[in-house]
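One structure below.
Values reported hereafter were calculated over all heavy atoms of this structure, with side chains retained and with hydrogens, waters and symmetry mates removed.
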Amino acid sequence: MLCINMSSSLFVSDEILKDSFRVAKKYGNAFAALQCVYNSAESYDGISSTKINFKEKNKTLNMPWTASFGKLNAVYKKAYRENIEIGEASYMPTLFLALGEKLYFSLDDGLNLIHIQRPADMQIAEAIIEYRQKKGLIQ
């Protein structure tokens with residue numbers, strides 16, 4: 001199994017990784033996912049919407065993503081051979097869906113949603129680490 005995660009994701013836990021491998025072993029792939037906490041509105045013009053996606057039916061996808069090397073090799077070869085989902089905005093979940101694959105959800109949590117991409121993210125991460133040190137959760 002190959003497990004893909006972002007280096008900017010500091011708080012991916014052992015439990016999240018173990019569940020990702022468990023789900024991928026059982027179903028062929030795993031994508032960390034959380035229940036959405038907000039409804040979202042689809043917009044094609046950026047200023048209006050005619051459709052609400054209700055939180056109860058939606059998941060927020062995150063990393064890690066896990067699948068066997070054989071599966072990934074097969075879907076990427078097919079994608080390039082057939083010119084499917086190979087643009088800049090393409091990534092593993094969109095590729096799987098474009099090729100008719102189901103996405104299987106694995107465990108995620110709120111801390112794993114914190115990715116260091118902006119200066120404010122670093123302040124949040126430092127505060128979490130400081131809090132955990134004070135509580136004796138980490139050294």
Side-chain angles (χ1 to χ4, degrees):
M1 289 288 165
L2 291 174
C3 184
I4 300 166
N5 197 37
M6 281 192 251
S7 61
S8 64
S9 180
L10 299 179
F11 299 109
V12 63
S13 67
D14 289 345
E15 292 80 22
I16 289 171
L17 292 169
K18 286 177 189 174
D19 194 60
S20 188
F21 282 104
R22 180 191 66 77
V23 171
K25 241 180 165 176
K26 185 173 182 177
Y27 298 108
N29 67 61
F31 295 86
L34 276 176
Q35 183 63 46
C36 287
V37 294
Y38 302 109
N39 294 332
S40 65
E42 284 187 28
S43 179
Y44 294 98
D45 62 7
I47 60 170
S48 65
S49 178
T50 58
K51 183 178 180 191
I52 295 289
N53 295 311
F54 294 101
K55 62 185 176 186
E56 294 82 7
K57 289 188 171 187
N58 288 278
K59 301 276 188 188
T60 298
L61 292 180
N62 194 15
M63 294 180 112
W65 305 329
T66 304
S68 70
F69 176 78
K71 180 67 159 178
L72 291 171
N73 190 39
V75 296
Y76 277 96
K77 280 185 176 181
K78 182 176 181 175
Y80 280 98
R81 188 174 55 248
E82 298 178 19
N83 202 32
I84 298 171
E85 199 64 27
I86 59 171
E88 278 182 26
S90 175
Y91 64 121
M92 200 166 132
T94 60
L95 173 61
F96 271 56
L97 291 175
L99 295 175
E101 300 282 336
K102 270 188 184 177
L103 304 182
Y104 291 94
F105 304 133
S106 60
L107 180 69
D108 199 6
D109 66 30
L111 282 178
N112 191 37
L113 293 175
I114 298 169
H115 298 267
I116 308 303
Q117 298 173 347
R118 299 170 299 256
D121 299 332
M122 194 63 185
Q123 293 173 339
I124 292 167
E126 288 171 349
I128 291 167
I129 292 167
E130 184 180 324
Y131 171 82
R132 288 176 147 192
Q133 286 172 332
K134 284 182 182 176
K135 292 290 185 180
L137 301 171
I138 60 172
Q139 294 185 16

Quiz prompt | Stepwise side-chain contact (heavy atoms from CB on, under 4.5 Å) check, Asn58 with Ser40 | solution = CA-CA 9 Å; Asn58 288 278; Ser40 65; 5.6 Å; no
Practice problem: Using the rule that two of Ile, Leu, Val, Met, Phe, Trp, Tyr join whenever any of their side-chain heavy atoms come within less than 4.5 Å, decide whether Leu113 and Ile124 are in one cluster. | Solution: no
Quiz item: Which atom pair, heavy atoms only, marks the closest approach of Lys59 to Ala33?
Solution: CB-CB, 4.0 Å
Quiz item: If two hydrophobic side chains count as joined below 4.5 Å and joins carry through other members, does Leu103 share a cluster with Ile4?
Solution: yes
Quiz item: Taking the six-membered ring for Trp, are Trp65 and Tyr91 parallel (under 30°), tilted (30 to 60°) or perpendicular (over 60°)?
Solution: tilted
Exercise. Locate the shortest heavy-atom distance separating Cys3 from Phe21; write the atom from each residue and the value.
Key: CB-CZ, 3.5 Å
Practice problem: Could you grab the distance from atom CG of Leu137 to atom CD1 of Ile129, nearest 0.5 Å is fine? | Solution: 12.5 Å
Practice problem: Check whether Ile114 and Met122 end up in the same hydrophobic cluster, where Ile, Leu, Val, Met, Phe, Trp and Tyr are linked by side-chain heavy atoms less than 4.5 Å apart. | Solution: yes
Exercise. Could you tell me the separation between the CG atom of Asp19 and the OG1 atom of Thr66, rounded to the nearest 0.5 Å?
Key: 9.5 Å
Quiz item: Closest approach of Pro64 and Val12, non-hydrogen atoms and distance?
Solution: CD-CG2, 4.1 Å
Quiz prompt | Which atom of Lys55 lies closest to which atom of Cys36, heavy atoms considered | solution = CB-O, 3.6 Å
Quiz item: Which atoms form the tightest heavy-atom contact between Ala79 and Ile86, and what is the distance?
Solution: O-CG2, 3.8 Å
Quiz item: Regarding Ser9 and Asn112, is there a side-chain donor-to-acceptor distance under 3.5 Å anywhere?
Solution: yes
Exercise. Nearest 0.5 Å please: distance from the CG atom of Leu97 over to the NZ atom of Lys102.
Key: 11.5 Å
Quiz prompt | Nearest-0.5 Å distance, CG of residue Asn73 to NZ of residue Lys71 | solution = 12.0 Å
Quiz prompt | CG-CZ distance between Leu72 and Phe96, expressed to the nearest 0.5 angstrom | solution = 5.0 Å
Practice problem: Grab the two heavy atoms, one from Ala41 and one from Ser49, that are nearest each other, plus how far apart they are. | Solution: CB-OG, 3.6 Å
Practice problem: Check each of Asn5, Leu111, Asp108 against Ile16 using the side chain to side chain contact (heavy atoms under 4.5 Å, CB included) test, and report the only one that passes. | Solution: Asp108
Practice problem: May I ask whether Tyr27 and Phe105 are part of the same hydrophobic cluster, defined by side-chain heavy atoms of I, L, V, M, F, W, Y residues being less than 4.5 angstrom apart, directly or through others? | Solution: no
Quiz prompt | Cluster link Phe11 to Ile116, ILVMFWY, side chain under 4.5 Å | solution = yes
Quiz item: Less than 4.5 Å apart, any side-chain heavy atom of Met92 and any of Tyr76?
Solution: yes
Quiz prompt | Spacing of CG belonging to Leu2 relative to CG belonging to Asn29, to within rounding of 0.5 Å | solution = 13.0 Å
Self-check item: Arg22/Leu107 under side-chain contact (heavy atoms from CB on, under 4.5 Å): CA gap, chis, key distance, verdict
Solution: CA-CA 10 Å; Arg22 180 191 66 77; Leu107 180 69; over 6 Å; no
